[in-house]
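Data first, discussion second: the structure below is written as structure tokens.
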Amino acid sequence: MLLSSFWIWATYLILGLAAQSTQGILDLVERRLPNHVDDFEFRLLTNWAGNSTKPTNDNYIVSSTTAGKILVEGNSLSALSSGLHRYLTDVVHVDIFWYIGNQLEVGPSTLPALNAALTGSSIVPWRYHFNTVTFSYTAAFWTWEDWELELDWLALRGVNLPLAWVGQEKILVEVFQELGMTDDDLFSYFSGPAFQSWNRFGNIQGSWGGDLPLEWIDNQFEMQKNITKRMVELGMTPVLPCFTGFVPRAISRVLPNATIVNGSDWSGFPAEYTNVTFLEPVDPTFAALQKSFITKQADALGNITHIYTLDQYNENNPYSIDLDYLRNVSYNTWQSLKAVDPDAIWMMQGWLFFSLSSFWTNERIEAYLGGVEDDKDMIVIDLFSETAPQWQRTNSYFGKPWLWCQLHNFGGNLGLYGQIMNVTINPIEALANSSSLVGFGLTMEGQEGNEIMYDLLLDQAWSASPIETATYFSNWVTRRYAGNGPVPSELYIAWEMMRTTVYNNTNSSVQAVTKSIFELTPNITGMFRAGHHSTAITYSPNTLVTAFNLMFNASKTNPELWNNAAYQYDMVDVTRQVFSNSFDQMYRSLVSAYTSSNTSNTTISTLGKNMTSLLTTLDRVLSTNPAFSLSTWLSAARAESTNATLQSFYEYNARNQITLWGPSGEISDYASKSWGGLLNGYYVPRWQMFVSYLLEVPVARYNYTELNSRFLAFELKWQTQGMNGTVQQTVLEQAGGKLQILLEGVVGSSDNVFR
Ligand SMILES: *[C@@H]1O[C@H](CO)[C@@H](O)[C@H](O)[C@H]1NC(C)=O
Ligand SMILES: *[C@@H]1O[C@H](CO)[C@@H](O)[C@H](O)[C@H]1NC(C)=O
Ligand SMILES: *[C@@H]1O[C@H](CO)[C@@H](O)[C@H](O)[C@H]1NC(C)=O
Ligand SMILES: *[C@@H]1O[C@H](CO)[C@@H](O)[C@H](O)[C@H]1NC(C)=O
Ligand SMILES: *[C@@H]1O[C@H](CO)[C@@H](O)[C@H](O)[C@H]1NC(C)=O
Ligand SMILES: *[C@@H]1O[C@H](CO)[C@@H](O)[C@H](O)[C@H]1NC(C)=O
Ligand SMILES: *[C@@H]1O[C@H](CO)[C@@H](O)[C@H](O)[C@H]1NC(C)=O
Ligand SMILES: *[C@@H]1O[C@H](CO)[C@@H](O)[C@H](O)[C@H]1NC(C)=O
Ligand SMILES: *[C@@H]1O[C@H](CO)[C@@H](O)[C@H](O)[C@H]1NC(C)=O
Ligand SMILES: *[C@@H]1O[C@H](CO)[C@@H](O)[C@H](O)[C@H]1NC(C)=O
Ligand SMILES: *[C@@H]1O[C@H](CO)[C@@H](O)[C@H](O)[C@H]1NC(C)=O
Ligand SMILES: *[C@@H]1O[C@H](CO)[C@@H](O)[C@H](O)[C@H]1NC(C)=O
């Protein structure tokens with residue numbers, strides 16, 4: 001049976017590639033727990049790993065030795081880092097977090113001994129991380145330091161199958177140059193630093209506002225060398241790029257006989273930037289380019305994986321609906337991989353089967369997946385399993401191994417959100433019902449807040465029954481706020497309230513992280529949206545107000561919390577959401593005043609001032625934290641170069657992605673952010689223009705086309721406004737004291753939104 005050969009393969013792969021040394025884990029301890037390097041011992045027990053008759057899930061045992069050390073034993077490096085994490089989170093009550101950083105050192109100087117061993121076993125061999133677009137929405141301007149934190153976070157949470165896209169353009173440049181393409185051919189093809197993901201997907205081509213420079217490509221590839229080396233040291237199997245078939249238009253000059261098709265239009269972009277040329281896999285040059293790509297990549301990075309990421313129709317439809325055509329495309333693509341790497345496995349995102357479900361009928365899916373004749377040669381990512389799983393309707397992708405993934409976040413939007421039930425119950429049900437499910441993973445578009453939801457699924461990969469979330473949240477709160485004295489009971493109560501409301505969405509019309517309406521171009525209708533970019537919330541706003549007050553009062557019990565980075569982050573985050581929810585009410589009042597007769601201009605203008613005053617206050621709160629500041633994103637972009645022209649280009653990219661997303665607003669506000677500096681600089685002016693328009697034009701003559709052209713003029717101007725570093729307005733230091741004063745001010749004011 002094919003499936004048992006999958007396990008043989010998985011066993012072989014894990015054993016075959018895992019570095020036998022534990023040095024990578026020792027280095028992790030040295031990086032994150034420098035005072036405790038001598039307190040741990042790691043032992044790799046490869047004989048534990050399943051043999052060919054048994055699936056290789058990971059196992060660990062953590063115990064105290066007579067010499068007083070903590071001994072972590074496991075059958076893989078991932079098992080060792082997971083065992084270490086288990087001890088640190090459950091016994092020492094410390095952790096490492098996104099945007100807060102390493103807090104593993106805040107525990108007691110003498111680590112607690114274990115009376116009984118801690119044991120753990122994963123229930124799936126693979127734990128996956130990243131969406132192709134996370135590399136643009138979140139990691140576009142990451143430094144090596146950012147990557148190091150991310151990779152340690154992943155290792156400790158048991159991720160062993162991370163995607164690794166960074167800098168792949170370097171390989172493509174070499175592949176295309178070998179064909180005789182010129183710099184002009186190439187640099188009119190690549191997309192800008194903040195948009196590379198969609199170029200890799202074949203959605204877009206070219207770059208607006210300037211060309212992608214070689215400097216960027218070279219630096220990113222140097223980063224990729226660091227990233228993949230570290231992944232391997234930590235026992236992960238990187239999923240690497242390969243040749244997809246997307247090529248510069250110049251292909252028809254250098255290969256006049258190549259069989260090419262023009263891809264379809266993506267998201268309304270002008271043809272210049274989309275309709276990407278696709279070299280048909282049936283063409284013999286496809287296999288030649290595949291060989292060239294994979295060989296060059298292995299020469300540069302080593303033979304570190306057999307798993308390749310490859311998406312040909314992500315949000316773009318195939319050239320033909322003919323079933324043989326679809327089967328031929330995938331058959332030849334598969335053969336091109338196998339010809340270079342006989343153990344190659346093709347990994348693809350299954351998003352298209354949801355987003356273009358009218359195209360992707362089961363018959364067409366079966367034809368396309370069927371071209372890969374050996375099931376074990378493919379892994380399909382069920383990308384949005386918590387909301388829109390496709391594995392049932394496709395009969396587990398017609399037998400292909402697949403991953404159950406939580407998407408959760410679109411465009412790096414920032415709303416508080418989670419589906420604790422679906423994320424714990426559904427993967428366990430899937431495992432019981434689908435024999436080709438081989439892993440769980442995280443596929444967020446942007447890796448932003450709501451970290452507990454990501455922890456939850458990765459921990460679910462080590463629990464055979466659905467995790468009991470009440471205890472889980474409580475334990476998480478203990479380690480979240482560790483390091484500044486006792487964690488007051490108010491924090492536990494607040495998180496428990498959020499667990500059953502904010503994090504327990506069961507309303508299927510709200511499918512993912514919400515976004516605030518104040519981030520959208522204002523209008524008198526259409527602001528409250530459902531779906532996976534919902535601006536509607538599914539809990540009572542009062543619940544969150546109560547949670548805020550509890551959290552705020554916790555600092556009265558323990559004022560040291562103001563110096564706790566996690567508390568600072570969460571107070572800003574919850575404030576952000578409470579303000580956003582209040583803004584919704586203000587907006588409704590404004591529209592209702594405008595559309596009813598006899599409303600005075602004064603009333604409208606007062607309501608408008610109230611709204612902008614709320615946003616201005618929120619901007620100050622957000623600006624106390626670098627994680628919520630526009631300047632963090634813009635400075636990171638500028639820091640990628642020392643050349644002033646390129647700095648401006650990178651900053652333009654950074655600004656454009658989070659606002660207009662495209663040269664003229666093709667998917668405007670998709671990746672909007674509640675960030676200090678962006679509220680005051682971008683959203684507030686739009687709302688002021690809106691209120692002015694309402695004062696100027698009675699409802700009978702309301703003309704959105706006219707209003708929108710005013711917005712666009714402003715939005716376009718903002719893309720390059722105050723460049724050259726002059727707009728770096730906000731603090732870059734964590735400022736707990738400032739946050740405290742601001743929040744005390746709001747709580748004490750007459751129009752306190754926390755009432
Ligand atoms: C494989 O592992 C199982 C379970 O640990 C064991 O019973 C069996 O003897 C092993 N087979 C071989 C060939 O090592
Ligand atoms: C790669 O890591 C080294 C340290 O090991 C660092 O000096 C270097 O700057 C990193 N490369 C990039 C591109 O950040
Ligand atoms: C392309 O095909 C034509 C006609 O079959 C042939 O004459 C020509 O040599 C081919 N060109 C290349 C570059 O293979
Ligand atoms: C781009 O693709 C769209 C959709 O398939 C099509 O309507 C349009 O004609 C194409 N444009 C060009 C220039 O190929
Ligand atoms: C990778 O493997 C191929 C095929 O076995 C071999 O030719 C090549 O030298 C290896 N590359 C590296 C960098 O080890
Ligand atoms: C939870 O999962 C079920 C089953 O897949 C689905 O019907 C439901 O819509 C999901 N809930 C939400 C809020 O997406
Ligand atoms: C989540 O909401 C559902 C539906 O309203 C409810 O049945 C369930 O008990 C809730 N779970 C929690 C943990 O609050
Ligand atoms: C804005 O509101 C107007 C008036 O209700 C409506 O006709 C128009 O479609 C809306 N535009 C958008 C982009 O939602
Ligand atoms: C509101 O102001 C506009 C111009 O600013 C004016 O035309 C209109 O008459 C005013 N409406 C009322 C009710 O005063
Ligand atoms: C800066 O970059 C621009 C664009 O790539 C280039 O034209 C210029 O020569 C560079 N300036 C310096 C001083 O390197
Ligand atoms: C709305 O404004 C646009 C652009 O200013 C104009 O072309 C159009 O005629 C206006 N529509 C109406 C109904 O006045
Ligand atoms: C202004 O907003 C506050 C909340 O910040 C609210 O209490 C007050 O009623 C609002 N005023 C008006 C005129 O709507």
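Reckoned from all heavy atoms, side chains included, excluding hydrogens, waters and symmetry mates. We count ligands from 1, going down the list as the structure has it; atoms in each ligand are counted the same way.
- Between E496 and S474, the side chains place no donor N or O within less than 3.5 Å of an acceptor N or O (distance only, hydrogens not considered).
- Between N303 and ligand 5, at least one pair of N/O atoms sits closer than 3.5 Å.
- Side-chain N/O atoms of Y189 and E169 include no donor and acceptor closer than 3.5 Å.
- Remark: the S672 side chain and the E519 side chain contain an N/O donor-acceptor pair separated by less than 3.5 Å.
- Note on D299 versus K296: no salt bridge recorded, every NZ/NE/NH1/NH2 to OD/OE distance being 4.0 Å or above.
- Listed as neighbours of ligand 6 are E386, T387, P389, Q419, N422, N426, N505, T506, N507, S508, each bearing a heavy atom under 4.0 Å from the ligand.
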request  = Quick one: do F359 and Y313 satisfy ring pair (Phe, Tyr, Trp, His ring centres under 6.0 Å)? Show the steps, please.
outcome  = CA-CA 11 Å; F359 178 90; Y313 301 119; 7.8 Å; no
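- Numbered from 1 in the order shown, with element, the atoms of ligand 5 that lie under 4.0 Å from a heavy atom of A298 read 13 (C).
- Remark: aromatic rings of F354 and W351 are close, center separation under 6.0 Å.
- Checked options H129, Q406, Q447, H408; the residue passing with Y454 is H408 (criterion: side chain to side chain donor-acceptor pair (under 3.5 Å)).
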